[in-house]
Enquirer: 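Provided herewith is a single structure, encoded as structure tokens, for subsequent inquiry.
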Amino acid sequence: MSLDITSENNVGKGKRIYYSFGATGLTTLEHSVFFEQERMVQDVCDNLGITLFNPLKFTIPHDEPSPTPEIIYEISKKQIKESDVVILNCSYPSYWVGQTLEIASIFNIPAVLIAPNYIAIPRTIRGSQTLKYEIQFNSLEELKADLTGVLRLAFKTSEFQNETQDANPDGLVNVVSTINIELINYLKRNPEILYSIDPRQFEELIAELLAGFGWKVELTPKIKDGGYDIFAISKNVAPGINSAWIIECKRYSPENKVGVEIVRALYGV
């Protein structure tokens, strides 16, 4: 199999995202931080080929010198309705971010929340069934990496989703997107379910998550060979450097911890 694991352009081609945020009444310093976040979100969307709708740039018609609040609201609601995903920036307080979530809920548009780690997210926001992902970051680079992975998963843009499961000459099978976004979100909210899913499904879940975050991932055939479950190559470990990983998936019961013998066995392999 020959794939360019560094290429991400156009994996979200044809997709639209509405970006909601609070920018009213910010201090000069807060404005500077906000625009850095905005540029990073825009860069992620550009890299994935996604059209980003920023209300500051798209809401007000150029031929309307002084649009009324009603006109702005209706245009914004229409943009949300026509989007595939909404991104909610909760870095600063905003009535419109909450309103965006409600409008997205009406039209069943999935939402992604982003905010720095020091921001406390209200439980009323987290309780919305429309909110599918939550990203809290320590740096802009962390935001870029996490948002890229989340959007790839949301749009099922793993490089491997169109591959078949035919074994290749190395005895590996390519990852197929059998784990859907609803299951990942459900498991996030109900982690105890991980103990009841099929072991192979657990392996596929781990592989799909890694692939969604830009890893080149391959599952081993479904046999008890005493070897590893996943072979993965990560991206951007350092400039110009990739690292190869072999991964053994173990998910015992809470009372039955994974012991050091598993590590020793994997090291032997």
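Treat the numbers as computed from the prediction; the structure is a model and nothing was measured. Residue indices begin at 1 and follow the sequence shown.
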Enquirer: Determine, stepwise, if the pair K132 / V112 fulfils side chain to side chain contact (heavy atoms under 4.5 Å, CB included).
Expert: CA-CA 6 Å; K132 300 299 183 182; V112 177; 5.8 Å; no
Enquirer: At what distance, to the nearest 0.5 angstrom, does CE of M40 lie from SG of C45?
Expert: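 It comes to 12.0 Å.
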Enquirer: Do W245 and I262 belong to the same hydrophobic cluster, where Ile, Leu, Val, Met, Phe, Trp and Tyr are linked whenever their side-chain heavy atoms lie under 4.5 Å apart, directly or via other members?
Expert: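 The answer is no; the residues belong to distinct hydrophobic clusters.
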Enquirer: Flag the pair V263 / V258 as yes when at least one side-chain heavy-atom distance between them is below 4.5 Å, and no otherwise.
Expert: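 A side-chain contact is absent here, since even the closest heavy-atom pair is not under 4.5 Å.
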Enquirer: CD of E142 to CD1 of I135: how many Å apart, nearest 0.5 Å?
Expert: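 Output value for this atom pair is 9.5 Å.
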Enquirer: When you compare the side chain of T100 with that of Y18, does any pair of heavy atoms fall below 4.5 Å?
Expert: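 Touching, per the 4.5 Å side-chain cut-off.
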Enquirer: Where do R251 and L194 come nearest, in terms of heavy atoms and distance?
Expert: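 Result for this residue pair: CD-O, 2.6 Å.
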Enquirer: Return the set of residues passing side-chain contact (heavy atoms from CB on, under 4.5 Å) with P93 (not counting sequence neighbours), or none when no residue passes.
Expert: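 None.
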Enquirer: Roughly how far apart are T148 OG1 and K144 NZ, rounded to 0.5 Å?
Expert: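 Reported to 0.5 Å precision, the distance equals 6.5 Å.
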Enquirer: Please identify each residue that fulfils ring pair (Phe, Tyr, Trp, His ring centres under 6.0 Å) with Y19, with sequence neighbours left out.
Expert: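 Y19 satisfies ring pair (Phe, Tyr, Trp, His ring centres under 6.0 Å) with F21 once adjacent residues are dropped.
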Enquirer: Please report the interatomic distance CD1(I17) to CD1(I109), rounded to the nearest 0.5 Å.
Expert: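 Between I17 CD1 and I109 CD1, I get 11.5 Å after rounding to 0.5 Å.
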Enquirer: Sequence neighbours left out, what passes side chain to side chain donor-acceptor pair (under 3.5 Å) with S105? Give chain and number order.
Expert: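 For S105 the side chain to side chain donor-acceptor pair (under 3.5 Å) partners, ignoring immediate neighbours, are T130.
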Enquirer: State yes or no: do Y252 and F202 share one hydrophobic cluster built from I, L, V, M, F, W and Y residues joined by side-chain heavy-atom distances below 4.5 Å, directly or via other members?
Expert: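 Per the 4.5 Å side-chain linkage, Y252 and F202 are not co-clustered.
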Enquirer: Please check if Y95 and I75 belong to a single hydrophobic cluster, counting links between Ile, Leu, Val, Met, Phe, Trp and Tyr side chain heavy atoms closer than 4.5 Å.
Expert: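 Per the 4.5 Å side-chain linkage, Y95 and I75 are not co-clustered.
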Enquirer: Would you say the side chain of I114 lies within less than 4.5 Å of the side chain of L88, judging by non-hydrogen atoms?
Expert: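 Side-chain contact under 4.5 Å: no.
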Enquirer: Using the salt bridge (Lys or Arg N to Asp or Glu O under 4.0 Å) rule, collect all pairs that involve residues 114-127, keeping only residues at least two apart or in two chains.
Expert: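 For residues 114-127: R126-E134.
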Enquirer: Got a salt bridge between E248 and K250, using NZ or NE/NH1/NH2 to carboxylate O under 4.0 Å?
Expert: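 Yes, E248 and K250 are salt-bridged.
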Enquirer: Would you mind listing every salt bridge (Lys or Arg N to Asp or Glu O under 4.0 Å) that reaches into residues 252-263, with sequence neighbours excluded?
Expert: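 Every candidate salt bridge (Lys or Arg N to Asp or Glu O under 4.0 Å) pair involving residues 252-263 fails, so no pair, neighbours aside, qualifies.
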Enquirer: What residues form a ring pair (Phe, Tyr, Trp, His ring centres under 6.0 Å) with F107, not counting sequence neighbours?
Expert: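 Expected list: none.
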Enquirer: Show, in sequence, the C-alpha distance, side-chain angles and deciding distance for T51 and K15, and conclude whether the side chain to side chain contact (heavy atoms under 4.5 Å, CB included) test is met.
Expert: CA-CA 6 Å; T51 299; K15 302 298 184 180; over 6 Å; no
Enquirer: Please list, chain by chain and in numerical order, all residues satisfying side-chain contact (heavy atoms from CB on, under 4.5 Å) with T28, sequence neighbours excluded.
Expert: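 In terms of side-chain contact (heavy atoms from CB on, under 4.5 Å), with neighbours along the sequence ignored, T28 is linked to no residue.
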Enquirer: Could you tell me whether the side chain of W96 reaches within less than 4.5 Å of the side chain of Y73, counting heavy atoms only?
Expert: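 Y73 reaches W96 side chain to side chain.
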Enquirer: I would like to know whether L131 and I125 meet side chain to side chain contact (heavy atoms under 4.5 Å, CB included); could you show each step before the answer?
Expert: CA-CA 8 Å; L131 185 61; I125 296 291; 4.2 Å; yes
Enquirer: Could you walk me through whether F137 and Q37 pass the side chain to side chain contact (heavy atoms under 4.5 Å, CB included) check?
Expert: CA-CA 11 Å; F137 55 90; Q37 295 174 3; 4.0 Å; yes
Enquirer: With sequence neighbours left out, write down each residue that passes side chain to side chain donor-acceptor pair (under 3.5 Å) with E38, or none if nothing qualifies.
Expert: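 With neighbours one apart ignored, the set is N54.
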Enquirer: Taking S83 for its side chain and V86 for its backbone only, find out whether a donor-acceptor pair lies under 3.5 Å.
Expert: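 No.
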Enquirer: With a 4.5 Å heavy-atom cut-off, do L26 and Y92 have their side chains touching?
Expert: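 In short, these two side chains touch, coming nearer than 4.5 Å.
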Enquirer: Any non-hydrogen side-chain atom of H31 less than 4.5 Å from a side-chain atom of T27?
Expert: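 Result no, sub-4.5 Å side-chain heavy-atom pair not found.
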Enquirer: Would I121 end up clustered with Y118 when hydrophobic side chains under 4.5 Å apart are linked, directly or stepwise?
Expert: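 Hydrophobic grouping puts I121 with Y118.
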Enquirer: What pair of heavy atoms forms the shortest contact from I103 to I80, and how long is it?
Expert: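 Closest approach of I103 to I80: CG2-CG2, 3.8 Å.
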Enquirer: So, using side chain to side chain donor-acceptor pair (under 3.5 Å) as the criterion, who are the partners of N256 when residues are at least two apart?
Expert: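 Partners of N256 under the side chain to side chain donor-acceptor pair (under 3.5 Å) test: none.
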Enquirer: For E102, give me all partners under side-chain contact (heavy atoms from CB on, under 4.5 Å), at least two apart in sequence or on another chain.
Expert: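 For E102 there are no side-chain contact (heavy atoms from CB on, under 4.5 Å) partners, ignoring immediate neighbours.
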Enquirer: Applying side chain to side chain donor-acceptor pair (under 3.5 Å), name anything that partners E82, two or more places apart in sequence or on another chain.
Expert: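 Side chain to side chain donor-acceptor pair (under 3.5 Å) check on E82 returns R16, K78.
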Enquirer: Taking side-chain contact (heavy atoms from CB on, under 4.5 Å) as the test, write out the residues that go with P69, two or more places apart.
Expert: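 Once residues adjacent in sequence are excluded, P69 has no partner under the side-chain contact (heavy atoms from CB on, under 4.5 Å) criterion.
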Enquirer: Would you check if V44 and N47 make a side-chain contact, meaning some heavy-atom pair closer than 4.5 Å?
Expert: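 SC-SC contact between V44 and N47 ruled out.
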Enquirer: Please name the pair of heavy atoms, one in C90 and one in I119, separated by the smallest distance, quoted to 0.1 Å.
Expert: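 Minimum heavy-atom separation between C90 and I119: O-CG2, 3.5 Å.
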Enquirer: Looking only at heavy atoms, which two atoms of A115 and S91 are closest? And how far apart?
Expert: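 For A115 and S91, the tightest heavy-atom pair comes out as CA-OG, 4.3 Å.
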Enquirer: Does any part of the side chain of I87, heavy atoms only, come nearer than 4.5 Å to the side chain of V41, both counted from C-beta?
Expert: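 V41 vs I87: side chains touch.
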